[in-house]
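A quick write-up on the structure given underneath.
Every number for a ligand or one of its atoms is a count from 1 in the order of the listing. The figures that follow rest on heavy atoms only: side chains count, while hydrogens, waters and symmetry mates do not. A quick note: this is a predicted structure, and the numbers were derived from the prediction, not measured.
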Amino acid sequence: MENSQETEKNFKENKKIVFSAIQPSGAMTLGNYLGAIKSWNQMQDKYRCIFALADLHTITVRQNPENFRKNTLELYALLLACGIDPDKNLFFIQSHVHTHTELAWILDCYTQFGELSRMTQFKDKSKKYADNINAGLFSYPALMAADILLYNTDLVPVGEDQKQHMELTRNIAQRFNGIYGDTFTLPEAFIPKTGAKVMSLQNPSAKMSKSDTTPNSCVLLMDSPDAIMKKFKKAVTDSDSQIKFKQNEKTGINNLINIYSTVCGKSLEETENEFDGKGYGTFKIAVAEAVIGTLRPIQAKFKEYISDPGYLQEKYTQGALAALDISSSTLKKVKEKIGFIL
Ligand code: TRP
């Protein structure tokens with residue numbers, strides 16, 4: 001089989017191992033794309049990449065079954081459309097690979113109550129979902145540690161909000177290695193340079209988020225060109241008129257400069273020069289057009305993939321089998337060290 005040969009080649013080339021995952025918790029935003037997926041894409045040649053849909057993490061917040069199933073399949077198709085190559089990398093759905101939950105339970109027993117209590121994401125989500133502060137929400141970082149440690153991961157591209165979980169992952173790994181001898185590779189978090197942090201178009205001091213209920217604040221990857229144009233035209237700016245990036249000042253314009261530069265592969269200065277002397281109105285339309293142009297081929301490919309469930313199934317099954325194969329040997333090693341009868 002050509003596919004598995006290519007995967008095997010990547011594994012043998014001694015490239016550093018990258019692991020990352022994204023939750024299928026709803027529609028993907030322009031922020032998810034520019035902040036994470038685009039840089040995943042660029043890592044595919046340089047590293048041996050392992051990407052997963054972290055659906056087990058998603059059920060820490062109650063999901064409607066039909067929507068959950070739809071979101072997961074659509075996200076798989078959308079990532080393929082964004083250029084994630086399932087033949088070059090491992091690309092699978094977390095819940096298909098049972099070693100993740102198994103190692104997560106084990107790591108739960110090497111993670112302290114105090115450590116998990118200090119996680120800011122847990123504290124935030126406990127406030128947000130006060131009627132469902134379940135044990136999974138609490139031990140979420142141990143499952144994330146399992147995801148990462150199963151694959152001898154060297155590097156984990158994550159956003160700022162996951163850095164604390166990465167520190168905990170390292171602590172768990174170090175603790176385990178300290179007790180049983182070298183078992184886990186110590187992974188390092190890295191915030192990809194190419195990834196831009198995209199802010200809300202209506203409240204540019206907050207991150208763009210699909211759960212933001214303010215109309216026109218968030219661009220979705222599958223938004224129509226008209227919707228995208230409208231959202232950018234309505235983007236909040238300031239009373240000045242210069243298209244200049246000024247840290248901590250012109251947050252709205254900074255965000256638009258950032259989006260335009262990332263989408264067009266230009267530096268901030270190049271964008272500033274290009275729009276020197278032009279007005280905000282012209283600039284907003286240019287940003288919208290650039291985004292529409294970038295998303296057009298992705299949207300077209302998404303439609304192709306999502307209408308071919310047989311192909312999707314073939315790819316996520318192939319990914320899960322390969323992931324199971326690699327992760328099983330780590331799990332076996334762990335169980336042996338702890339003293340389980342194998
Ligand atoms: N917790 C991550 C998020 O919500 C998703 C995730 C799960 C992840 N497992 C991971 C990210 C392992 C990096 C590595 O963004």
So which residues, sorted by chain and number, lie with a heavy atom under 4.0 Å of ligand 1?
Phe19, Ser20, Ala21, Gln23, Ala54, His57, Tyr140, Met144, Asp147, Ile148, Val156, Val158, Gln162
Consider only side-chain N and O atoms of Asp238 and Tyr280, and report whether a donor and an acceptor are under 3.5 Å apart.
yes
Partner residues of Ala206 under the side chain to side chain contact (heavy atoms under 4.5 Å, CB included) criterion, sequence neighbours left out
Asn203
Geometric class of the Tyr47/Phe190 ring pair [parallel <30°, tilted 30-60°, perpendicular >60°]:
tilted
Side chains of Asn254 and Thr251: any donor to acceptor distance under 3.5 Å?
no
Polar contact flag, side-chain donor to acceptor under 3.5 angstrom, Gln121-Asp161
no
Check this for me: Lys123, atom NZ, are more than 12 non-hydrogen atoms of other residues, nucleotides or ligands nearer than 6.0 Å?
yes
